[in-house]
Amino acid sequence: MADKLLAIDGNSLVHRAYWALPTTMMDKEKRHTNAVYGFFTMLFRIVEEYRPTHIAVAFDMKEKTFRHEAFAEYKAGRRKTPDELNEQFPMLKDALDMVGVRYTEQESFEADDILGALTKEAGRRKMESYIFTGDRDELQLIGEHVSVVLTKKGVSETKLMTRETLMEDMGITPGQVTDLKGLMGDASDNIPGVAGVGEKTALKLLGEYGTVENLYEHIEELPKNKLYEKLVNGKESAFLSKQLATIHCDMPLRATLDDFAFGGFSMDGLRAMSEKYSFGSFLKRFSMEAEKKEVEVKAVGLNDLGILEDAVELALYFKGGLHFAVDGESEYLIPQKETLLDEGYDLADILKTVMPLLAGKSIVAHDLKAMEHFCGDGRLTGGTYFDTMLADWVLNPSYPKYDMESVLARSELPACAAGLFALAQRQRGQLEEKELDGVYYDIELPLLKVLYGMEETGVLVSDEELKKLGEKYDAQIEELTARIYELAGAEFNISSTKQLAEVLFEKLGLPVVKKTKTGYSTDVEVLEKLEGKHPIIPYIMEYRTLTKLKGTYVDGIRGLIRDGMIHTTFLQTATATGRLSSVEPNLQNIPIKSAMANDIRSAFPAPEGCTIVSADYSQIELRILADIADDGHLKDAFLKGQDIHARTAAEVLDKDIEAVSKSERASAKAVNFGIVYGISDFGLARNLGITRKKAADYIARYFEEFRGVRAYMDEIITRAHKDGFVRTLCGRIRYIPELASGNYNIRSFGERAALNTPIQGSAADIIKIAMNRVSDALHKGNFESKLVLQVHDELILYAKNDELDQVKKLLADCMEHAMKLSVPLAVNVAEGKTWAEAK
DNA sequence: CTGATCACG
DNA sequence: ACGTACGTGATCAGA
């Protein structure tokens, strides 16, 4: 194996770790340890990823450096390093000693100078170097054999920077990094740069002139404007700043590269160090690491796969490659994708060899649906499955991310096959403890396969029609743009809320209706209030509608068409309530309400020989509310099959349901929506455009009639406060930590979520059960018709024309009887040759 | 990379 | 006296 140097900027990383982690972290002796802990978290991660043969940690020395001699204010004005952090440097050095990692420091030089000299030396020996730092200055050290691993936010994310990525990201070469600092300065080091020149301007100038020196040679060619003046005044500062930012790679090194040879952490040292500084989670981790070491020692090549027989216990999907861990007689195999590719294997070959071995076996994977796509149709059948991503979400659906890295980080298990295996084992127990096994095994796990099928099938789109539509919209947008410019008396970017606000509220003097935290609001609500006050308003509203349609639903979708089809991805672990979401493209928010929605939906035709069938639940959320709140009026209305909004109006206004007017029904509809969301008089007032008092009055009268609903709302909130979570009809859980907040707004939000989640989430349970049953029924009946989309309360299928009647019946049946409630679940079924017709 | 806006249920 | 309806994703502008 080629030698690889990991050169670490100790100071940079310690600072990063200190600010990223809470100072409440202490060891047995009440010494602060957050920076040390964070440093090692990053170190373990990076060593795992890069597997260096040499590691050097460089520290700054407290003494002044040659830079202070050049510029007295260098690093002045910097926030003083807190004592809680300073104390941790000796501890870190001690800990590094214990685990067998060498560090170095030299008087009057900074860590980056040492790193520069070390990596330069390594380069001479044709050794690859990776500089690990948060300091972007060090990007100047990038070279043929040198890359920089930049820490991003927190302690878990990094980005590998090479010449290529630096060029892509900033458009400069490593050599130009000092020129950049020379012009823009660096606030954190108190490097002045040229006053008034920021990153944007600096990059633009460098793009043209390359270096500070060349820029000033050609300074007289610049237009004699403000920028020119700034540059002339800042000339001396620019040169000095560049000099300060330059890292000196030619310092005399006290240590040599060989001193930093690294043959792995000392396991005993790790244990002792974790013990000494009370790093409990590391201790756990190392017992796993030790196990993994065993695993790798026994790793065998692909040719030996034949020995596996029925030994497959675990496989996982990871970053587009496959890692396998196979458990026979405690024999493991983990060929990593990179290793296999290095050895000249083709992924398709691997799959052909490995997949048959997986059939019928017990498989654990992170994101099985993605793995199914990766492995190809039907390859993963017949075995038992466990998906650690799905399990993590079912156990707690409120995290922002569920990728393998995040999940394993939260679990504090090592990011390797053994870690994932251990995680699955733990999750199996937790699912039962929390009574979430039903949701997981009976709903989500089977649904994963259904969703895979839907994504694989895809949706047919007419690129030609979308193209025509786009041209039509473009023409209209152009016309609108001209009119808007004329009415405004100037040209501006209508899509820029900032520029639009300037035109509306400053140039045209229209009244300000609402503000956002950054300035004037110009959203539809505002524009509607302004309608009639100026002829420009309707044009702007139309412009907004058209550009939205064009950008998102014409161009956006066209860009994703492959062979006439689009294949959305249904995210099964994205929402806190249990719903699905849809991305790339989002097919759950295709226009339906507006006048032009028909155009868009018409571009989604049924495939040859098929009809689009759409079936949606009618008022499913209010039916669920009727059931769980056990409300007399609500249940009565649904049992009698009445128009629920009309009935609500009749109750509140105390009149016959037949006597309810259209506008009375509309108000009641808004109230019903509000109830489901956790109503407030303010919200209802805003929605209906009535006074807050009238809204409050309406709500009060509603609750007088719908006593069950009122009681439910009180009860669920009380219980949620007590438990800290709520559940859906199927037992799906959502923790709501906001309920414990001392902040009124946050707590109120928690209460509304507590109220809404059992309703929205139960609806999600019901349609998911229905989907599993529909899919099952289609297979069992040997139908060729296919499920293609789900839009929260609606299922869309491609029905083979000769199966149409049976499929419609089967569909309605599965949906209506997905769950037995105390009121019927009503389903409307429609069909058409395009999506637009199937309504 | 965040905020504003707007598409859906 | 607080600020304000639940759940999503895509696009654009502009720091």
Side-chain angles (χ1 to χ4, degrees), chain A residues 152-153 198-200 397-398 492-501 514-527 540-541 543-557 559-560 568-571 574-594 596-597 600-601 616-617 619-621 625 670-688 692 695 699 726 734 736 741-761 763-764 767 789-794:
Chain A
K152 294 177 76 180
K153 56 190 167 190
E199 183 170 340
K200 249 185 169 170
S398 302
F492 64 103
N493 185 345
I494 309 165
S495 297
S496 159
T497 47
K498 196 161 163 254
Q499 294 180 37
L500 177 64
K514 196 166 63 168
K515 290 198 159 189
T516 67
K517 57 178 152 183
T518 52
Y520 305 121
S521 170
T522 65
D523 66 15
V524 257
E525 217 179 303
V526 171
L527 295 178
I540 289 172
M541 290 165 83
Y543 175 91
R544 281 255 173 95
T545 310
L546 280 165
T547 50
K548 175 87 176 179
L549 254 45
K550 173 78 166 41
T552 306
Y553 301 106
V554 177
D555 298 342
I557 298 247
L560 293 165
T568 185
T569 300
F570 287 105
L571 302 184
T575 72
T577 55
R579 275 190 178 180
L580 299 174
S581 79
S582 155
V583 294
E584 287 178 274
N586 181 354
L587 289 181
Q588 290 182 320
N589 71 349
I590 301 298
I592 189 168
K593 295 167 178 168
S594 71
M596 281 161 286
I600 307 270
R601 290 201 170 209
D616 69 298
Y617 282 111
Q619 304 298 346
I620 187 167
E621 295 198 341
L625 179 62
V671 171
N672 279 330
F673 268 102
I675 292 293
V676 169
Y677 295 153
I679 203 161
S680 72
D681 51 6
F682 184 92
L684 183 64
R686 197 180 59 177
N687 205 297
L688 283 177
R692 195 166 166 172
I699 293 168
V726 291
R734 175 180 180 181
I736 308 180
S741 170
N743 177 316
Y744 175 87
N745 287 325
I746 297 175
R747 198 170 59 245
S748 300
F749 164 77
E751 290 176 350
R752 293 193 297 271
L755 211 125
N756 173 264
T757 298
I759 302 174
Q760 191 185 115
I767 196 163
L789 293 175
Q790 185 253 44
V791 192
H792 310 307
D793 65 352
E794 176 187 16

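Letters A, B, ... mirror the listed sequences (proteins, then strands); counts begin at 1.
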What parts of residues 515-523 of chain A reach DNA chain C, counting only heavy atoms under 4.0 Å away? none
Spacing of [X] atom [atom1] relative to [N] atom [atom2], expressed in whole Å:
X      : N     : atom1 : atom2 : answer
A:L500 : B:dC6 : CG    : C1'   : 15 Å
A:Y677 : B:dG9 : OH    : C1'   : 7 Å
A:I759 : B:dG9 : CD1   : C1'   : 14 Å
A:M541 : B:dA4 : CE    : C1'   : 17 Å
A:E525 : B:dA4 : CD    : P     : 14 Å
A:E621 : B:dC8 : CD    : P     : 17 Å

Tell me every residue that passes ring pair (Phe, Tyr, Trp, His ring centres under 6.0 Å) with A:Y520, counting only those two or more places apart in sequence or in another chain. A:F505
Hey, does the side chain of A:S748 reach the backbone of A:E751 with a donor-acceptor pair shorter than 3.5 angstrom? no
Between A:S582 (side chain only) and A:L587 (backbone N and O only), is there a donor and an acceptor less than 3.5 Å apart? yes
Quick one: how far along DNA chain C does chain A reach, first to last nucleotide 5' to 3', anything under 4.0 Å to a heavy atom? C:dC2 to C:dA15
Between residues 547-555 of chain A and DNA chain B, which residues have a heavy-atom gap below 4.0 Å? A:K548, A:Y553
Compute whether any side-chain donor of one residue and acceptor of the other, for A:T522 and A:R544, lie under 3.5 angstrom apart. yes
Applying a 4.0 Å non-hydrogen cut-off, can you work out what A:N589 is touching in the nucleic acid: base, sugar-phosphate, or nothing? base
Is DNA chain B part of any stem, that is, at least 3 consecutive Watson-Crick or G-U pairs with both distances under 3.5 Å, and where? B:1-9 with C:6-14
Report the residues that fulfil salt bridge (Lys or Arg N to Asp or Glu O under 4.0 Å) with A:K514, sequence neighbours left out, ordered by chain and then residue number. A:D523, A:E525
